[in-house]
Amino acid sequence: MRGARALRVLIAPALLAAAAGALVAPPSSAAGGAAGGAAGGVAGSAVGGVAGSAAGGVAGSAAPTLAQYRYFRALSLDLVGRLPTRAELAEIEAPGFDMDAWIERHLDGPGYVDRLTRIYMDVLRLELGPAVTFAPRETTLHRLQVLGPDGKPIYVYYRHNQRRLDPVIDGEFCFSEPESGLRVVNSAPAAGTPIPISQRLLDERTTLVRPFWLYRDYLSVNPVQRYGAGWDDPDSAYVPLPELLVEPDGKTPTVEVRVCKEEAQTADVGHVYASDVPRLPKGAPLPAGRTRPPLPEDPYAKEHRGEPISCRSALAPRMSVDCGCGIGLVHCMPGDSYGRDPRAFVLPAHVPLGVDQPIGAAPHSSSGWHKFWWSQEAIHFMSHVFRADRDFREMLTARYTFINGPLAQFYLSSAPAACCSQHKSFGMREDEEPLFLPRAVPPVVFPHDVSDWTFIPDRGPRASGLITMPVFLTKYASRRARAAALYSAFLCKSFTAEHAELPPSTEPDLMVRPGCASCHATLEPLAAYFSRVEETTWTYLPAARFPIENPACKVGADGKMRSACQPFYDPAFSNRERGVLRGAYASEEHTERGPAGVAADMTRMPEFAACAVQRVTEGFLGRAVREEDEALLGSLRERFVSRGYRMRPLVEAIVRSPAYSRASNLRPALERGGAERGGAERGGAERGGAERGEGAR
C-alpha cells in the first residue's frame, strides 16, 4: 500500500527534471519563493470544504514549480500506475493545461481501478500461498507409467480410492501388482519392476479418451482440435504442462490418453454401491493381488444400496462404481504423477500487466491452478466495483461475480466435490444449498477460456460479496478467522485483550471466561454468522438437515457424542437432551442469517464508511492518518456517504486535498522521525530553500 508513495518521495527532483529532458528553465528567486509556498499545499481554493483546485499555478504562461511537478508525479503513480512520460510532462507545461480535467479523465482509467483493488487485496491478503492445498481426490487424476503389451512404456490415468467391481483392485489402481509388476499405494512412488500388461487386460480395464486439456472441441463425438495442432487460437494464458502433451518417450505428441474405465465414465448420476466384502480380520494376510486391506464397507452404503447419487458429490468415487470424470474428463484435473498434488498447468509468476502479459511463468500443481483463479475472481469482482463506481457496500453484499473457464470448471466440478462425505448421516449426500449455484454457470464457458471473463449476475441466494468466495473462505478457514478478518478490514478494528492474565477456567463460553471476554464478547457473535458455512471449505449446512439444536446429537450418559455428530455439533455446549451446532451458541439469530446477515449489519454501521475512508486515504497519502487529519477525514466521510458510498468522489477529494499535495513533498526521514508538526513545517520551508538552490544549479 505504501510502495507508490515511497517511490514518489525517493525519486530526486533532479532526476525527474532529467527525465523531462530539462524542459523547464531554472526558476528565478521569485519563482523559487512560489515553489516554497506551494509545497505547503498545491491545492488552493476549498471545494465542498474538502478539496482544493489542483490546477493552482500549473496552467498559464509560468513554468510549473517543483512542488507541482511532484504533485503531478504522485497523481500519475496513483491514477495511471506509473511515472509520467516526457509527453505527459510537456502536456502540463503547455499553456492552459487543465489539471481538474486530467484528474477526472484518469479517475475512469485502469490505473485508478488497479490502485484501489490493490489496497483491498493487500488489506485482505487474498492470495494463497503453498500452505494451502486444494487437490480433492474426487476430482484429481493421477498418472502412472506402466508397460504396454509390446513392452513400451505408456501412461494410465486414475483416481485415488476409486471404487471398482473387481475386489482385487477395488479402491486401488486398475491393475494389480501381479498384472503390472508395480505395487501402487496412493501418493507414494510405485515399487517393483514393471512387466508388460496383456492386451486383453488393457482393453478390459482402460479406455482411450480425448480430454479437455488436449482438445478444444472435447464435447464432440470425434474431437479434432488438438492443442498445438488443429486448435488454431489457444488462449495465451492457457498452457498445459508440457509433460501432459507428450508420450513417455518425451517426443511423440499425445493424441489421446488412457484412463481406467471407472474414471472415464460420463454419467451425471450414479448409484450407491456396496461390495459386501467382509472386513479383513486383524493380522490376517492380504487377499492375493492387493497392496492393502479391502475398503471397509460403509453401513450407509448397505442401507441405501442402489439409490441414485450425484456424480459430482464427494461420495461418488467412494460409494459408486458408475461415476467418472465426465465427457472429455472435464470434471477432473489432470496430473503428471501419482503424488497428492500433481503438476498440471503453467501459470504466470507475476502479472503486473495482467495474466496475458506475465513476467515469467512456472509449472504449477492442480491446487495452484485453482488458487490462482480464486484470487483472480476477487480481483475482477473488486475491479468492477471500482471501475463502474458501484456502491462500495457491494464488496460484502453483492450476489454477482465474474468467472472465466477455470472457475466455471471449478464451480461445476471441484466445488461440489467438497461435500458431502461426513454429511450423509444427516441425509445430505450433495451440496443442497451451495453458495454458488452450479446452474448459474453459463453452458458456453469452457475450461480453456482463461482470458475471457463472464459476468454472473446472481450466484444464488446464499452469495454475499467477497465473503462467500472460495479465496476468502479458504484464506480464513475458521469461523473466528473469517469474523476477525471482516472486523479488521472493514471496520478498522482489532481484537486486543484488556489484560494478559488468563486464570485457569473450565468455562467453555469465551464470551464470559475471565481473560477472554474482552475480545470474545464481540468476536463470538460475529463468528456465529459463519456457523452454517463449514470450516476449511464453502459447504453450507442447511437448517433442515442441521438444526441448531439437534436431539439426534445429544451427549450420552458417558458424556460423549456420537462420532458422526462431532464435526458439526459442539459437545461443550450440548447436553443430554440435544446437541448444539458449532459456533451457534453465541447467537442463534446470526447463525440463521448467515454471511449475508453479517454483510447487511456491518455495512449499516457508521464505522464501515469511516474505515473505508481511512483505508483509501492512508493508501493515497502513503502513511497512517494522524490527529491533524481528523477534519479532512470528517469531510471525506460526509462526501463518501452522501455520494452513495462510491469511491470516485472520495478519491477525487483526496487527491485535491492539501494533505495529499503535502505528502508528495515530504521527505521519508521526516515521516519516520516523528517530529512535531511545527518542526515538520519548518523542515518544509528549509526544503523549499534547498530546492530553490537545487533548481538554480
Side-chain angles (χ1 to χ4, degrees), residues 1 5 40-56 71 74-75 78-79 99-109 112-113 115-120 123-124 382 384-398 465-466 486-494 598-664 677:
M1 184 175 69
R5 177 66 63 180
V42 173
S45 60
V47 176
V50 178
S53 170
Y71 176 67
L75 286 173
D78 279 330
L79 302 184
M99 182 66 83
D100 287 331
W102 189 95
I103 291 174
E104 290 177 7
R105 185 168 72 250
H106 287 88
L107 283 172
D108 285 329
Y112 156 80
V113 172
R115 185 77 177 92
L116 286 174
T117 301
R118 181 47 53 191
I119 287 174
Y120 276 92
V123 166
L124 289 164
M382 290 189 205
H384 175 71
V385 172
F386 300 133
R387 183 184 303 109
D389 205 24
R390 305 281 300 183
D391 187 328
F392 181 70
R393 290 171 290 190
E394 291 180 3
M395 289 274 279
L396 301 185
T397 64
L466 288 167
L486 292 181
Y487 195 69
S488 171
F490 293 99
L491 297 183
C492 292
K493 296 181 178 181
S494 60
V598 71
D601 290 347
M602 191 169 282
T603 52
R604 282 194 292 263
M605 299 172 68
E607 295 92 337
F608 179 81
C611 182
V613 169
Q614 178 182 327
R615 293 282 186 204
V616 176
T617 301
E618 288 181 340
F620 278 78
L621 295 184
R623 60 168 174 80
V625 293
R626 300 185 289 241
E627 185 178 348
E628 67 251 33
D629 298 314
E630 278 306 312
L632 171 64
L633 291 175
S635 298
L636 291 173
R637 284 193 293 270
E638 181 180 349
R639 182 182 180 90
F640 181 57
V641 173
S642 67
R643 299 294 183 90
Y645 289 78
R646 284 165 169 78
M647 281 292 175
R648 195 168 291 156
L650 172 63
V651 173
E652 182 180 12
I654 291 172
V655 300
R656 287 175 172 167
S657 70
Y660 181 84
S661 61
R662 280 198 302 270
S664 304
R677 185 179 180 186

Decide yes or no for Phe640 and Val616: does some side-chain heavy atom of the first lie under 4.5 Å from some side-chain heavy atom of the second?
no
Ala610: which residues meet the side-chain contact (heavy atoms from CB on, under 4.5 Å) condition with it, sequence neighbours left out?
Arg637
Would you give the length of the straight line joining atom CG of Leu486 to atom CG of Leu466, rounded to the nearest 0.5 angstrom?
9.0 Å
Passes side chain to side chain contact (heavy atoms under 4.5 Å, CB included), Arg623 versus Glu618? Steps please.
CA-CA 5 Å; Arg623 60 168 174 80; Glu618 288 181 340; over 6 Å; no
Between Ala489 and Arg615 the two heavy atoms that sit nearest each other are O-NE, 3.3 Å
With Arg646, which residues qualify under salt bridge (Lys or Arg N to Asp or Glu O under 4.0 Å), at least two apart?
none
Provide the closest heavy-atom pair for Leu650 versus Arg639 in the form atom of the first, atom of the second, distance.
N-NE, 4.4 Å
Crowded around Gln614 CD? As in, over 12 foreign heavy atoms under 6.0 Å?
yes
Restricting to salt bridge (Lys or Arg N to Asp or Glu O under 4.0 Å), what partner residues turn up for Glu607, sequence neighbours left out?
Lys493
All heavy atoms of Arg390 vs all of His384, minimum pair found to be CG-O, 3.9 Å
Asp629 side chain to Arg626 backbone, donor-acceptor under 3.5 Å
yes
So CE of Met647 and CG of Asp391: to nearest 0.5 Å the spacing works out to 10.0 Å
Can you tell me how far CZ of Phe490 sits from CE of Met605, rounded to the nearest 0.5 angstrom?
13.5 Å
Check step by step if side chain to side chain contact (heavy atoms under 4.5 Å, CB included) holds for Phe620 and Leu116.
CA-CA 9 Å; Phe620 278 78; Leu116 286 174; 4.0 Å; yes
Can you name the side-chain contact (heavy atoms from CB on, under 4.5 Å) partners of Arg387, sequence neighbours left out?
Val113, Ser383
Applying ring pair (Phe, Tyr, Trp, His ring centres under 6.0 Å) to Phe392 and not counting sequence neighbours gives Tyr120, Phe608
Please name all residues satisfying salt bridge (Lys or Arg N to Asp or Glu O under 4.0 Å) with Asp389, sequence neighbours left out, ordered by chain then number.
none
Not counting sequence neighbours, which residues clear side-chain contact (heavy atoms from CB on, under 4.5 Å) with Thr397? List them please.
Glu394, Ala599, Thr603
How about Tyr660 and Asp78: do any of their side-chain heavy atoms sit closer than 4.5 Å?
yes
Using a 3.5 Å distance criterion without hydrogens, assess whether the side chain of Tyr71 forms a donor-acceptor pair with backbone atoms of Val655.
yes
Listed by chain and number, what are the salt bridge (Lys or Arg N to Asp or Glu O under 4.0 Å) partners of Arg105, not counting sequence neighbours?
Glu91
With heavy-atom distances below 4.5 Å as the criterion, would you say the side chains of Leu79 and Arg115 are in contact?
no
Are Arg648 and Phe386 side-chain neighbours, meaning at least one heavy-atom pair lies under 4.5 Å?
no
Measuring from atom CD1 of Ile103 to atom CG of Asp108, what distance do you get when rounded to the nearest 0.5 angstrom?
13.0 Å
Carboxylate-amine/guanidinium proximity below 4.0 Å for Glu652 and Arg656:
yes
Which residues pass the side-chain contact (heavy atoms from CB on, under 4.5 Å) test with Val641, sequence neighbours left out?
Ala609, Tyr645
Among pairs that include at least one residue of residues 603-654, which meet disulfide bond (SG atoms under 2.5 Å apart), considering only residues two or more places apart or in two chains?
Cys492-Cys611
